[in-house]
Amino acid sequence: MAAATLAITLAAFLLALRAGHEQLRHASRQRLVIAEAVLRAAVDRYRYLPTVLALDTQVQALLADLDAPGRVAAVDAKFEAIARASDVAEIYLLDAKGLTRSASNWNQPLTFVGMSYAYRPYFLDALAAGTSRYFGIGTTTSRPGLFIGKAVPSPGGGVAGVVVVKVDLEGLQGEWRRAGEQILVSDAVGVVFLASEPAWKYRPFRPLAAADTARIRAARQYGDSDLQPLLEDDRADLGSTVRLPVGDRAARGLVEHVAMPDLGWTLWYVAQTGPALRQALLVALAAGVACLALAFALAAASQRRRRLRGEQAMRRALERRVAERTRALAERTDALSAANDRLRAEIAERERATAALRATQDELIHAGRLAALGQISTAINHEINQPLAALRTFLASTAVFLERGDTATVSRNLERMTQVTQRISEIIHHLKAFARKTGSGHRETVRLAAAAEAVLDLLRARIRAEGVTVDCTIPSDALVRAEPVRLEQVLLNLMVNALDAMREAPERRLELTATRETDSRETASGDANATWRLCVADSGSGIPEEHMPHVFDPFFTTKAAGEGLGLGLSLSSLIVRDLDGSLSAANGARGAVLSLVLPAAEA
Ligand code: ADP
């Protein structure tokens with residue numbers, strides 16, 4: 001990434017630099033066209049002046065007779081006037097030997113008059129070719145200039161002299177400098193003679209050939225210049241950038257040139273490459289920054305892609321897990337619902353079984369009740385017959401007392417007979433209630449003493465026949481929540497068993513006691529858990545220890561066939577449990593004690 005950025009930055013720099021240079025070259029060429037036009041205009045402006053002067057009759061007359069009085073002065077004055085008017089530096093006339101005969105600066109301290117310029121190329125060239133053009137430093141004034149020479153023909157043939165016009169081109173340099181342009185003009189051998197930068201003047205780009213140096217020195221073309229080469233590196237290619245001294249330092253520049261073959265000159269334009277370089281650096285910097293930004297953006301994007309891929313993978317894994325869990329859950333739910341169905345079926349089955357059991361149980365209870373009825377039927381028979389006999393006796397005696405008119409005894413007898421019939425009706429009422437197949441199923445508040453009394457009433461005949469002493473101490477406020485008929489059935493069972501157990505006993509005593517009990521833990525919440533305990537104790541044989549675990553089992557009996565079915569206690573305990581109570585057996589001091597516990601009811 002770093003290498004790519006570096007490469008792109010470098011490429012951008014090189015491309016920008018090349019484009020910058022190309023632009024510079026283009027601009028330089030345009031500048032050169034203008035500079036050349038200006039230079040040519042400056043040179044051409046005076047091109048014809050020497051020719052015109054060479055044709056001047058006064059000039060020719062002076063050369064014809066150099067000593068004729070007044071002729072020099074006239075030409076001097078003419079040259080001075082023309083020079084001032086045309087703005088050329090100097091105009092002067094050399095004779096055939098190169099001696100100055102007349103000059104526009106005839107009255108100046110550094111006048112050319114009397115000076116010999118026979119060695120100067122513009123003189124020699126004019127002699128040889130008729131015209132000359134030469135740039136050099138003036139040997140007298142030390143001022144550079146373009147010397148344009150024109151041979152003045154002698155009337156007898158040959159050359160009488162040479163008119164020279166010195167044109168000052170120094171002003172051009174000032175213009176170039178002011179425009180901030182770096183322009184040079186070099187001569188045919190490559191020596192710069194005009195330049196916007198003073199330090200470049202009178203120096204060749206590259207070292208000169210020895211002959212050229214000698215010739216320039218001999219002609220004193222460039223005064224005392226040491227002709228030190230401008231380029232530090234002589235192998236430097238002028239087509240590319242070169243280092244040129246500017247002031248006391250060297251500036252890099254791009255060089256463009258145009259040849260001026262008719263003058264033998266070359267015009268150079270040096271463009272500073274600094275700005276192009278700075279611009280290229282800026283472009284490279286921008287490219288580098290853009291590259292880095294792109295690289296960062298790409299890196300961020302790829303990181304984001306990676307993160308997204310990771311997240312997707314994670315999401316897929318999660319989805320897989322969720323799907324697995326859902327599947328497992330569905331399977332478990334199916335299993336659960338299957339188990340639920342099974343359970344429901346089982347419950348239904350159990351309910352059916354329970355219902356069947358309950359029906360059976362009801363049947364059994366009813367059977368038990370009928371059995372008890374059967375057992376007591378003899379006694380009842382006796383119980384009803386006896387009052388009936390008493391009733392008959394009372395009726396007979398009442399009839400006798402009525403005849404006697406003993407109304408007091410009659411009314412006492414009638415009262416007794418009423419009591420006897422009431423007793424019969426009570427017995428029948430109990431029997432009817434007891435023989436009903438099922439209880440009402442409705443629990444109500446039952447007075448324990450009343451229930452016990454009703455059962456004792458049923459058994460009264462047997463109790464009397466067997467000489468049993470009944471000791472019933474049941475408080476009148478002993479109230480329980482129960483189904484009256486079923487409770488009486490239980491009490492009947494317990495009492496019949498007690499009477500059966502005492503049949504062989506020497507002393508027969510049946511004790512009924514009731515005590516209130518409360519659950520000590522629950523007293524704070526009132527009598528919600530209060531119970532009544534009814535103990536039926538007899539003075540019989542008691543229950544042998546080995547029989548104790550079995551007395552509540554169905555069909556467990558120790559009685560002779562036809563006397564007991566072994567259902568009494570088992571049905572009683574079922575009934576009591578239905579009434580939210582309990583039934584338990586134990587042995588007392590003499591016989592057995594059967595305890596019946598039932599929830600207490602409030603008055
Ligand atoms: P059954 O009276 O028809 O035998 P029970 O279920 O009422 O059936 O009684 C089962 C057995 O419990 C009796 O056969 C007897 O051995 C014993 N039993 C019940 N009550 C007494 C009691 N008060 N004293 C001694 N044994 C008793």
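Atoms within each ligand, like the ligands themselves, are counted from 1 in listed order.
Close approach of ligand 1 to Ala592 is summarised as follows: ligand atoms under 4.0 Å from at least one heavy atom of the residue are 22 (C), 23 (N), 24 (N). Residue Ala501 has at least one heavy-atom neighbour below 4.0 Å for each of these atoms of ligand 1: 22 (C), 24 (N), 25 (C). Residue-ligand proximity, Ile543 to ligand 1, at heavy-atom distances under 4.0 Å covers atoms 25 (C), 26 (N), 27 (C).
Relative to atom 16 (O) of ligand 1, the option among Leu569, Thr558, Leu571 with the closest non-hydrogen atom is Thr558.
Of all the heavy atoms of Asp538, the ones lying under 4.0 Å from any atom of ligand 1 belong exclusively to the side chain.
With sequence neighbours excluded, no residue forms a side-chain hydrogen bond (donor to acceptor under 3.5 Å, both in side chains) with Ser584. His21 pairs by the ring pair (Phe, Tyr, Trp, His ring centres under 6.0 Å) definition with nothing, not counting sequence neighbours.
Expressed to the nearest 0.5 Å, how far CG of Leu499 lies from CD1 of Ile463 amounts to 5.5 Å.
Between the side chains of Ser397 and Asn413, a donor-acceptor pair is found at a separation under 3.5 Å.
In this structure, Phe556 and His550 have tilted ring planes: the angle between them lies in the 30° to 60° band.
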Show your reasoning for whether salt bridge (charged side-chain N to carboxylate O under 4.0 Å, His left out) applies to Glu256 and Arg25. CA-CA 7 Å; Glu256 272 293 309; Arg25 275 186 206 288; 3.1 Å; yes

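Not a single heavy atom of Gly540 sits less than 4.0 Å from an atom of ligand 1. Assignment of Asn493 to the shell around ligand 1 is not supported, since no heavy atom sits closer than 4.0 Å. Taking a 4.0 Å cut-off on heavy atoms, Lys559 registers as neighbouring ligand 1.
Residues Arg577 and Ser573 are in side-chain contact: their nearest non-hydrogen atoms beyond the backbone lie under 4.5 Å apart.
Checked against a 3.5 angstrom limit, the closest N/O atoms of Asp500 and ligand 1 fall outside it. Residue Thr557 has at least one nitrogen or oxygen atom sitting less than 3.5 Å from a nitrogen or oxygen atom of ligand 1, judged on distance alone.
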